[in-house]
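These numbers were taken from a predicted model, which means no experiment stands behind them. For the single chain, residues carry numbers from 1 onward in sequence order.
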Amino acid sequence: MDVDELVAIDVHTHAEVSKDGHGSLSPALFGASEEYFGSHERPTIPQMAAYYRERKMAAVVFTVDAEHTTGHPRISNEEIAESCAEHPDVLIPFASVDPWKGRAGAREARRLVTEHGVRGFKFHPSIQGFDPNDRMAYPLYEVIEELGAVALFHTGQTGIGAGVPGGGGIRLKHSNPMLVDDVAVDFPHLKIILAHPSFPWQDEALAVATHKPYVHIDLSGWSPKYFPPQLVRYANSLLKDKVLFGSDYPVITPDRWLADFAKLDIKPEVRPKILKDNAARLLGLTPKDPKELP
């Protein structure tokens with residue numbers, strides 16, 4: 001991957017369909033998501049590669065493994081990693097391991113990093129039905145921290161399950177970013193991304209990212225024109241090196257996100273940090289500044 005040639009790195013995109021047509025969510029949850037975000041195509045990973053290559057962008061790709069709570073089989077992590085490996089100029093593979101799998105999940109995570117080149121792991125506490133600080137997930141975090149991979153946590157409200165009776169069984173409380181603060185304490189060198197503006201806990205997310213040196217925030221899932229003012233203020237100042245571009249593709253396209261971001265009051269010297277430089281450093285795509293923490 002030639003980072004210098006990229007205009008941006010999107011740290012938050014979803015593989016929604018496998019090679020054999022299997023969806024990442026059940027039809028009911030897919031339907032609710034489309035009611036919330038609007039209908040959209042579900043591109044294959046090769047189609048995603050072509051989309052981002054045309055725009056001179058790179059993208060982190062993952063699914064969500066929530067078999068324990070939903071009963072819906074995941075898209076294979078190996079398939080995602082292998083498909084991304086066919087497009088290394090633009091795609092970066094993340095995986096998802098249901099934390100309810102305990103030590104078996106930790107063994108899988110180690111294998112995915114060491115044998116399949118996975119660079120991080122996506123957690124969606126509300127869909128997976130766990131608190132991030134639940135000790136059952138700690139063996140998984142231990143492996144991720146040891147191998148220098150990234151843990152990306154969905155935070156805040158979710159469009160998945162919205163409008164379904166009972167929210168489709170999805171409990172929003174699991175995605176309070178303050179629960180990730182415990183993880184950042186107990187795994188002090190774990191690289192963490194708090195995904196999305198964390199409505200209704202935006203201030204909590206900003207507090208955690210400001211206080212814990214390895215916690216970052218991605219800006220996916222919302223058009224920038226709806227960002228809370230305190231998020232924009234911190235992105236421009238205290239967190240200028242820890243805020244990351246993410247779209248939530250395919251539910252929100254990078255084209256739409258970037259068009260709205262261009263109108264946001266972000267300092268010119270901060271824009272390239274958010275769009276590419278911070279992610280490149282976090283993902284190990286560029287050399288680390290020797291003045292940074294180990």
Side-chain angles (χ1 to χ4, degrees), residues 8-18 21-52 54-55 57-66 70 72 74-75 80 83-84 90-96 120 122-128 152-164 167-168 170 172 175 193-200 202 217-228 231 244-262 264 274-275 279:
I9 298 174
D10 186 341
V11 302
H12 198 116
T13 78
H14 291 264
E16 290 194 343
V17 64
S18 68
H22 174 69
S24 59
L25 296 172
S26 68
L29 290 180
F30 258 138
S33 176
E34 291 190 338
E35 285 289 327
Y36 187 87
F37 286 106
S39 61
H40 60 272
E41 293 186 4
R42 298 172 193 163
T44 63
I45 292 178
Q47 288 171 333
M48 292 175 71
Y51 181 93
Y52 279 89
E54 181 182 353
R55 289 156 177 79
M57 299 181 196
V60 168
V61 183
F62 48 70
T63 187
V64 176
D65 178 2
T70 67
H72 184 77
R74 67 185 178 184
I75 295 175
I80 292 174
S83 295
C84 287
V90 289
L91 299 185
I92 302 162
F94 272 32
S96 183
K122 165 65 182 281
F123 296 94
H124 199 308
S126 292
I127 297 178
Q128 292 170 323
L152 186 152
F153 292 88
H154 171 95
T155 63
Q157 189 184 23
T158 179
I160 298 172
V164 176
I170 293 169
L172 301 180
S175 291
I193 298 174
L194 302 176
H196 315 306
S198 302
F199 173 79
Q202 183 63 83
I217 292 176
D218 87 32
L219 302 175
S220 64
W222 292 43
S223 163
K225 65 183 177 181
Y226 298 121
F227 287 169
L231 175 58
L244 314 165
F245 161 48
S247 66
D248 222 4
Y249 182 78
V251 298
I252 295 178
T253 67
D255 292 348
R256 175 191 172 187
W257 193 100
L258 289 168
D260 289 342
F261 183 69
L264 202 63
I274 293 175
L275 291 177

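The nearest pair of heavy atoms linking Cys84 to Val61 is SG-CB, 3.9 Å. Nearest heavy atoms, Ser223 versus Ile252: N-CD1, 4.4 Å. Annotation for Val17 and Pro43: closest pair CG1-O, 3.6 Å, computed over non-hydrogen atoms. Closest heavy-atom contact between Ile217 and His196: CG2-O, 4.5 Å. Taking all atoms of both residues into account, the shortest heavy-atom contact from Ser83 to Ile45 is CB-CG2, 3.6 Å. Nearest heavy atom pair, residue Ala195 against residue Leu152, reads CB-CD2, 3.7 Å.
The distance from the CG atom of Leu194 to the CD atom of Gln202 is 9.5 Å, given to the nearest 0.5 Å. Between Ile127 atom CD1 and Ile170 atom CD1 the span is 4.5 Å, to the nearest 0.5 Å. A distance of 8.0 Å separates CG of Leu264 from CD1 of Ile274, quoted to the nearest 0.5 Å. Interatomic distance, CD1 of Ile193 versus NE2 of His12, reported as 9.5 Å (0.5 Å rounding). The structure places CH2 of Trp222 at 9.0 Å from OG of Ser198, a figure rounded to the nearest 0.5 Å. Within the model, atoms CG of Asp248 and NE2 of His154 stand 9.0 Å from one another, a figure rounded to the nearest 0.5 Å.
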Go through the steps for Leu219 and Leu231 under the test side-chain contact (heavy atoms from CB on, under 4.5 Å), then give the verdict. CA-CA 9 Å; Leu219 302 175; Leu231 175 58; 3.8 Å; yes
Using the side-chain contact (heavy atoms from CB on, under 4.5 Å) rule, take Leu275 and Leu258 through it: C-alpha gap first, then chi angles, then the decisive distance, then the call. CA-CA 9 Å; Leu275 291 177; Leu258 289 168; 3.5 Å; yes
Would Arg55 and Asp255 count as a side-chain contact (heavy atoms from CB on, under 4.5 Å) if you check the C-alpha gap in whole Å, the side-chain angles of each, and the deciding distance to 0.1 Å? CA-CA 9 Å; Arg55 289 156 177 79; Asp255 292 348; 2.8 Å; yes
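Asp10 is linked by a salt bridge (Lys or Arg N to Asp or Glu O under 4.0 Å) to nothing, counting only residues two or more places apart in sequence or in another chain. Scored by the ring pair (Phe, Tyr, Trp, His ring centres under 6.0 Å) test, Phe245 finds Trp257 as partners (sequence neighbours excluded). Taking Leu172 as the reference, Gln157, Thr158 meet the side-chain contact (heavy atoms from CB on, under 4.5 Å) condition, with sequence neighbours excluded.
Between the side chain of Thr13 and the main chain of Tyr249, no donor-acceptor pair closer than 3.5 Å is present. In terms of modelled atom types and a separation under 3.5 Å, the side chain of Thr253 and the main chain of Arg256 share a donor-acceptor contact. Of the possible donor and acceptor atoms, one in the side chain of Gln128 sits under 3.5 Å from a partner among the backbone N and O of Asp65. In this structure, the side chain of His72 does not engage the main chain of Arg74 through any donor-acceptor pair within 3.5 Å.
A donor atom on one side chain and an acceptor atom on the other are found under 3.5 Å apart for Ser220 and Asp218.
A 4.5 Å side-chain heavy-atom check between Tyr52 and Pro254 finds at least one atom pair inside the cut-off.
Ring centers of Phe62 and His14: under 6.0 Å apart, within the cut-off.
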